[in-house]
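Comments concern the structure below.
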Amino acid sequence: MNKRYSIYQLHSKVDAMAKFIDLEKLIAGEKNSLDQIRSYFKINHWAYKHYHSQDGFMHFRISMNGTFTDEDIYHQPDVVAEYIKDGDLVLELGCGQGANIQYLAHSFQESSFVGVDLIPLKKDKMPQNVTIYEQDYSSIPQLADNSVDVCYAFETIVHNTDKEKIYREVYRVLKPGGVMIIYDYALASRFETYDPKIQMAIALASKGGAAAMMESLEELNNHYTNCGLEIEKITDYTTNILPDLKHLERKARRAMVHPWLWKIEKALLPEQFVTNIILGWLGYDAAKAGIGCYKEWVLRKPSH
């Protein structure tokens with residue numbers, strides 16, 4: 001499947017949805033306030049458990065052999081593990097249902113872990129070396145300057161509009177030479193460079209995930225360097241998440257090709273659940289078209 005065909009598919013999907021959904025109304029208004037992000041994850045808790053991982057992992061599977069398997073869910077935390085040493089203080093931004101931090105904390109019992117998230121976790125299930133703070137992670141006054149060895153964030157900073165506020169806080173708490181590992185989405189080019197239907201697809205995907213309007217790779221890289229962080233490595237895993245995206249597209253297909261089913265779901269289910277179906281419907285073609293990409297960033301706080 002070439003990029004031109006995937007762009008055609010996105011155009012066709014937007015046209016088809018416009019026949020039974022008021023798309024402008026759907027994307028209007030605030031979509032990623034703290035309350036809306038909190039509500040999004042509470043409402044979609046079941047969907048993440050059912051479609052992503054029964055163990056509570058909430059990120060995409062990185063399939064190195066092109067085949068969707070459950071083991072692929074461990075790629076991201078296993079990469080983070082490569083940077084952790086015994087005795088380190090490790091920070092997770094947006095720890096979600098706690099799967100990543102539990103997995104790593106059990107592996108590094110001589111290290112200390114801090115997780116920050118808007119959604120309360122069952123702290124009694126956490127290992128003794130884990131501390132959880134229920135709050136916005138753009139400000140973590142509980143952590144001292146230059147105290148964190150490793151920080152990581154999986155598919156969470158995309159929800160935030162003021163990303164530089166977050167990275168300034170990351171810079172503050174990281175030790176000199178400390179590392180930040182990020183997995184997240186980016187646009188290949190700036191939003192305004194795309195045609196109106198592709199812009200609508202991007203806006204719908206952003207709305208469906210309670211995210212800020214997605215930014216380009218160039219813009220995201222500028223955020224990091226503006227806040228004093230050095231980009232050590234960028235790895236593109238877009239191709240590797242395609243099996244997971246295709247899996248989600250198949251799940252979304254039934255609702256999106258049968259308008260009557262969409263209307264029933266919209267009438268009976270919370271809006272943040274049904275708009276998430278649109279995200280699943282569009283994500284695969286956006287990635288195949290080279291519009292959206294999935295990246296790993298390894299960032300460093302300078303040691304000097």
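Counting begins at 1 with the first residue of the sequence. Bear in mind the structure is a predicted one, so any value in this text is a computation, not a measurement.
How far CG of D285 is from NZ of K13: 4.0 Å, rounded to the nearest 0.5 Å.
Aromatic ring centroids of F68 and H247 lie under 6.0 Å apart. Not less than 6.0 angstrom separates the ring centroid of F154 from the ring centroid of F57. Proximity of the aromatic rings of Y237 and H75 is defined here by a centroid distance below 6.0 angstrom, and this criterion is met.
With respect to E232 and R300, a salt bridge is recorded, a charged nitrogen being found less than 4.0 Å from a carboxylate O. Under a 4.0 Å N-O distance rule, the pair R190/E215 does not qualify as a salt bridge. Under the 4.0 Å criterion applied to side-chain N and carboxylate O atoms, K197 and D15 are assigned as salt-bridge partners.
Contact check for S216 versus E219: side-chain heavy atoms found under the 4.5 Å cut-off. Annotation: side chain of M214 is not in contact with side chain of F191 (no heavy-atom distance under 4.5 Å). Side-chain contact between Y152 and I101 is present, with heavy atoms from C-beta onward closer than 4.5 Å. Looking only at side-chain heavy atoms (C-beta outward), V173 and N146 stay at 4.5 Å or farther from each other.
The aromatic rings of F108 and F113 sit tilted relative to each other, their planes meeting at an angle between 30° and 60°.
For the residue pair Q272 / S39, a side-chain donor-acceptor distance below 3.5 Å is found, with atom types taken as modelled.
The residue from D70, T69, I241 that alone fulfils the side-chain contact (heavy atoms from CB on, under 4.5 Å) condition with R61 is D70.
The main-chain N or O of G115 is never found under 3.5 Å from a side-chain atom of T131 such that the two would form a donor-acceptor pair.
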Item checked: From CA spacing to verdict: side-chain hydrogen bond (donor to acceptor under 3.5 Å, both in side chains), Y294, T239 -> CA-CA 8 Å; Y294 187 80; T239 299; over 6 Å; no
Item checked: From CA spacing to verdict: side chain to side chain contact (heavy atoms under 4.5 Å, CB included), K295, L220 -> CA-CA 11 Å; K295 302 285 186 177; L220 295 181; over 6 Å; no
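A single hydrophobic cluster is seen to contain both I278 and I27, as judged by linkage of ILVMFWY side chains at heavy-atom distances under 4.5 Å, directly or through other members.
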